[in-house]
Amino acid sequence: MPELPEVECVRRSLERGLIGRTVRAVEVRRRDVITAPGDPPGGFARSRAARNHPVRPPAPVTPADLLVGFTIERIDRLGKQLAIHGVDARPGRRSAIVVHLGMTGQLLLEGPSSAGSQADHSHIVWTLDGPSGLLIFRDPRRFGGVRLALNAEAVDRLWADLGPDALDITADELRSALRSARRPIKSALLDQSVLAGVGNIYADEALWRARIAPGRPARGLSVDDCERLAAGIRGVLREAIDSGGSTIRDYVDGSGRAGSFQLRHAVYGRAGLPCPRCGRRLASAVVAQRTTVWCRACQRASSRTRKKQAPRR
DNA sequence: AACACCGCCTGAGCGC
DNA sequence: TGCGCTCAGGCGGTGT
């Protein structure tokens with residue numbers, strides 16, 4: 001499940017293979033994974049109203065909207081989203097698309113012989129100049145999608161509602177974002193407008209590192225809690241990137257490589273197993289509508305400094 | 001305003 | 001072997 005580290009690994013692998021390449025053609029096999037500027041908010045794939053009572057049919061998507069004729073110049077990431085920027089050499093025009101991978105999305109650079117198929121949910125196939133000929137957007141569950149942005153300013157607008165990127169979140173940023181939130185800290189961490197890039201896996205891992213119980217009200221975190229949590233978030237994301245991300249089931253980077261950070265998860269997917277720090281059985285419950293695993297013994301349910309054991313006698 | 005909750009979607013895993 | 005059920009979860013939309 002691509003969260004920030006996995007998306008960053010995809011970004012880096014695409015950067016190696018895609019920068020400087022020119023897009024020659026595109027085949028759109030499912031229009032509804034694309035959200036164009038005139039489409040209903042959330043796109044045709046997500047909007048039930050748009051599906052049941054279409055006010056108008058989806059506008060045609062032109063090849064140029066999907067970067068055909070453009071040379072890939074830069075790939076940016078904010079949180080879990082990627083922006084692929086292209087430049088058209090002759091008139092100096094620029095264009096961009098924004099990709100969310102959702103739960104099961106993949107962007108794959110492949111040789112010309114492996115064009116994917118409808119059956120394997122390859123929804124968009126770009127043909128590139130040069131040796132490894134194809135860029136494929138696959139997404140079996142279609143929680144992801146591609147937004148047509150058209151230019152860098154439009155990417156900024158699409159990203160305006162996202163909070164600061166979690167990879168370099170500071171304690172001060174975290175503290176000010178959480179100041180008025182009564183909801184559980186786990187819920188706030190999953191909110192992309194608070195902090196962009198953390199999903200269920202890394203929320204649990206970061207809270208474990210910071211020794212903070214997931215159900216604590218966000219605004220009850222002390223300065224010291226915020227310091228440890230910011231450090232925990234940055235640390236776990238960086239280490240995960242260094243391990244190529246976490247591959248639970250589907251995730252691979254743009255070159256098809258799986259990650260290995262799942263082998264180093266302290267809590268995610270380990271309910272009932274011993275806490276790596278204190279050995280107690282890890283607890284599991286639904287917090288913020290998500291399966292949550294934590295250690296009741298070493299993740300604190302309050303920020304009060306633990307009382308020292310009163311001396312006997 | 002802040003937050004809870006729903007539904008989208010498919011494949012894996014499980015019990016029978 | 002195969003069927004039906006549950007679960008996984010990012011996130012936009014809707015309800016409170």
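Lettering of chains follows the sequences in order, A, B, ..., and the numbering in each one begins at 1. Excluded from the calculations below are hydrogen atoms, water molecules and symmetry mates; all remaining heavy atoms, backbone and side chain alike, are included.
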Residue [X], side-chain atoms from C-beta onward, closest of [options]:
| X | options | answer |
| --- | --- | --- |
| A:Q192 | C:dC11, B:dA4, B:dC9 | C:dC11 |
| A:H121 | B:dT10, C:dG10, B:dC3 | B:dT10 |
| A:Q289 | C:dC11, B:dA4, B:dC3 | B:dA4 |
| A:K80 | C:dG10, C:dG12, B:dA2 | C:dG10 |
| A:L190 | C:dG10, B:dA2, B:dT10 | C:dG10 |
| A:P184 | B:dC3, B:dA4, C:dC11 | B:dA4 |
| A:N200 | B:dC9, C:dG10, B:dA4 | C:dG10 |

Margin query: Just to be sure I understand the rule, does A:A181 reach a base, reach only the sugar-phosphate, or reach nothing, if contact means heavy atoms closer than 4.0 Å?
Written below: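 Here A:A181 touches the backbone only, sparing every base.
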[X] [atom1] to [N] [atom2]: how many Å, rounded?
| X | N | atom1 | atom2 | answer |
| --- | --- | --- | --- | --- |
| A:W159 | C:dC11 | CH2 | C1' | 16 Å |
| A:R147 | C:dG12 | CZ | P | 6 Å |
| A:Q262 | C:dA8 | CD | P | 18 Å |
| A:M103 | C:dG10 | CE | P | 6 Å |
| A:D191 | B:dA1 | CG | P | 15 Å |
| A:L195 | C:dG10 | CG | C1' | 15 Å |
| A:Y251 | C:dA8 | OH | C1' | 19 Å |
| A:D250 | B:dG13 | CG | P | 11 Å |

Could you tell me whether [X] and [Y] have a side-chain N and a carboxylate O separated by less than 4.0 Å?
| X | Y | answer |
| --- | --- | --- |
| A:E205 | A:R209 | no |
| A:D242 | A:R238 | no |
| A:R77 | A:D165 | yes |

Check: Taking a hydrophobic cluster as the set of Ile, Leu, Val, Met, Phe, Trp and Tyr residues connected by side-chain heavy atoms closer than 4.5 Å, whether directly or through intermediates, do A:L150 and A:W159 fall within one such cluster?
Finding: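 Looking at the clustering, A:W159 is in a separate group from A:L150.
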Item checked: Quiz item: A:R290 side-chain donor-acceptor pair to C:dG10 base, under 3.5 Å ->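 Check passes, donor-acceptor contact within cut-off.
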Margin query: Test of understanding: with side chain to side chain donor-acceptor pair (under 3.5 Å), list the residues that count as partners of A:S243, not counting sequence neighbours.
Written below: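 Result, side chain to side chain donor-acceptor pair (under 3.5 Å) vs A:S243: A:R264.
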[N] OP1/OP2 closer than 4.0 Å to side-chain N/O of [X]:
| X | N | value |
| --- | --- | --- |
| A:S187 | B:dA4 | yes |
| A:R249 | C:dA8 | no |
| A:T291 | C:dA8 | yes |

Note to self: Working to the nearest 0.5 angstrom, can you tell me the gap between A:L128 CG and A:T22 OG1?
What the structure shows: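 Those atoms lie 9.0 Å apart.
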Next item on the list: Indicate the ring-plane relationship of A:F137 and A:H123, choosing parallel, tilted or perpendicular according to the 30° and 60° boundaries.
Entry: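 If you compare the ring of A:F137 with that of A:H123, the planes turn out tilted.
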Note to self: Return whichever of A:R30 or A:R182 has its heavy-atom-nearest nucleotide of DNA chain B closer to the 5' end.
What the structure shows: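 Counting from the 5' end, the first nearest nucleotide belongs to A:R182.
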Next item on the list: Could you tell me, to 10°, how much the axis swings from one end of the helix from B:dA2-C:dT16 to B:dC16-C:dG2 to the other, five pairs per end?
Entry: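 One end's axis against the other's: 40°.
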Note to self: Testing the 3.5 Å rule here: is there a donor-acceptor pair between the side chains of A:H121 and A:R141?
What the structure shows: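 Absent: no donor and acceptor within the cut-off.
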